[in-house]
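Here the structure comes first, spelled out in structure tokens, and everything after it is commentary.
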Protein chains: 2
Amino acid sequence: MKLAEAKQQFISSWGAFGTQWGINRTMAQIHALLLVSTEALTQDDIMEQLSISRGNVNMNIRDLIGWGLVDRVIVAGERKEYFTAEKDIWKVATQIIRERKKRELDPMIKLLAQLENVEGDKKDKEVQQFTEMVGKIKKLGKQADKTLDLFIKADENWFTSSLLKMIK
Amino acid sequence: MKLAEAKQQFISSWGAFGTQWGINRTMAQIHALLLVSTEALTQDDIMEQLSISRGNVNMNIRDLIGWGLVDRVIVAGERKEYFTAEKDIWKVATQIIRERKKRELDPMIKLLAQLENVEGDKKDKEVQQFTEMVGKIKKLGKQADKTLDLFIKADENWFTSSLLKMIK
DNA sequence: ATTATCTTTCATTATTTTTTGAAAATTCAG
DNA sequence: CTGAATTTTCAAAAAATAATGAAAGATAAT
């Protein structure tokens with residue numbers, strides 16, 4: 001397989017995987033394109049390479065910036081904006097985890113905490129089972145939350161912990 | 001909040017969260033409904049409670065069975081099929097992980113392995129960067145794969161490991 | 001073997017999500 | 001300040017996804 005073909009394959013597949021994970025196909029493709037681009041790209045570059053409209057590029061790029069996965073790059077003497085993706089794949093992973101945790105896991109735990117306070121007879125079997133189920137899911141959610149925090153922190157402390165290992 | 005209202009809220013929110021994770025809203029809602037139902041339900045029960053069509057229930061129920069999250073229940077002397085959800089939330093979690101791993105992570109790693117073998121000059125900077133990026137992502141994918149396996153195994157060994165702790 | 005009950009399928013319809021592209025807004029050089 | 005270059009917005013169109021419901025297919029009781 002040639003390089004150009006491989007890149008194309010990577011971009012298209014990344015888009016398909018994204019879709020399965022509730023991520024807009026185009027957003028995933030733009031991210032993939034920037035991941036395998038040596039240089040920073042303009043909106044026009046992206047439009048051309050993915051055959052998509054200006055508005056589409058603009059919206060998805062801003063989303064990616066909101067996810068902390070893409071940065072604007074200022075090129076001296078150029079009017080246009082350039083965009084580049086974080087290339088450290090470990091940072092990419094922790095950033096995605098950080099964001100999904102904030103946007104989805106945290107609100108879910110909050111909701112479950114509310115639902116646990118259902119009114120009614122604590123001896124009512126229906127009430128009991130519901131509260132128990134909600135409580136268990138909340139507990140699992142909190143465990144996941146903690147585990148993911150450790151994961152994220154592991155990254156932040158990577159340098160420190162490497163140093164520590166050298167000293168010990 | 002009353003029980004009925006809380007259940008409704010749970011089902012509707014579960015559907016919304018599902019959507020964010022690339023899971024069909026209705027499928028998530030049926031799963032939620034079964035999770036908080038004391039008794040097994042028929043297709044008609046589900047149709048009524050969620051106000052959806054028979055065909056919709058049927059397809060999504062079969063999907064949920066395919067995911068290993070819902071079981072058919074045979075009730076003696078009854079013609080109709082009943083359905084019930086696995087209530088052990090830890091098992092639910094590991095089952096979802098097991099399936100998504102199989103359906104998504106494994107194929108992704110396979111693809112990346114292929115893309116690593118791009119033809120061309122190994123000294124070409126473009127080729128180098130692409131191969132490196134793909135390799136890094138594959139490595140991360142494999143790490144995730146291992147970690148998730150541990151997670152799944154932890155469950156299977158839960159009883160064993162509890163026993164071990166007691167003996168020690 | 002016939003009938004009644006229940007399940008499954010799938011072409012059609014409806015809904016949701018994504019994309020487009022032109023207009024508006026912004027930015028900056030001169 | 002003016003105007004050209006660039007970015008952003010958003011109503012409308014297109015595409016993708018999901019839901020409906022009637023017909024066909026099973027299944028089991030009589």
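By convention in this document, chain letters (A, B, ...) are assigned in the order of the sequence lines, proteins followed by strands, and residues within each chain are numbered from 1. The figures that follow rest on heavy atoms only: side chains count, while hydrogens, waters and symmetry mates do not.
The side chain of Ser53(B) sits closest to dG21(D) out of dT7(C), dG21(D), dT19(C). For Asn56(B), the listed nucleotide lying nearest its side chain is dA19(D); candidates were dT8(C), dC10(D), dA19(D). The Met59(A) side chain lies nearest to dT9(D) when the options are dT8(C), dT7(D), dT9(D).
Atom CD in Gln43(B) sits about 15 Å away from atom P in dA19(D), given to the nearest Å. The CZ-P distance, from Arg72(A) to dT27(C), rounds to 11 Å in whole Å. Spacing between atom CD of Glu78(A) and atom C1' of dC28(C) amounts to 14 Å, rounded to whole angstrom units. Between the CG atom of Leu50(A) and the C1' atom of dT18(C) there is a distance of 15 Å, given to the nearest Å. What separates CD of Gln29(A) from C1' of dT19(C) is a distance of 13 Å, to the nearest Å. Per the geometry, CD1 belonging to Ile52(B) stands 11 Å off C1' belonging to dT20(D), to the nearest Å. In this entry the distance linking CE of Met27(A) with P of dT19(C) reads 12 Å, nearest Å. To the nearest angstrom, P of dT7(D) lies 13 Å from CG of Leu41(A).
Note on Asn24(A): only backbone sugar-phosphate atoms sit closer than 4.0 angstrom, heavy atoms only; bases stay farther off.
Aromatic pair Trp14(A)/Phe10(A): ring centres closer than 6.0 Å.
Judged by distance alone, the side chains of Thr42(B) and Asp45(B) do bring a donor and an acceptor atom under 3.5 Å apart. Counted by atom type alone, Asn58(B) and Arg54(B) present zero donor-acceptor pairs between their side chains at under 3.5 Å. For Thr38(B) and Glu126(A), the side-chain atoms include at least one donor-acceptor pair closer than 3.5 Å.
The aromatic rings of Trp90(A) and Phe151(A) sit tilted relative to each other, their planes meeting at an angle between 30° and 60°.
Both Arg25(B) and Arg62(A) sit near DNA chain D, but only Arg62(A) has its closest nucleotide nearer the 5' end.
In the interface, the side chain of Arg54(A) is not paired with the base of dT7(D) through any donor and acceptor atom under 3.5 Å apart.
For Arg79(A) and dT7(D), the shortest distance from a side-chain N or O to OP1 or OP2 is not below 4.0 Å. Under 4.0 angstrom from either OP1 or OP2 of dT19(C) there lies at least one side-chain N or O belonging to Thr26(A). Regarding contacts with the backbone of dT20(C), every side-chain N or O of Asn58(A) stays at 4.0 angstrom or more from both OP1 and OP2.
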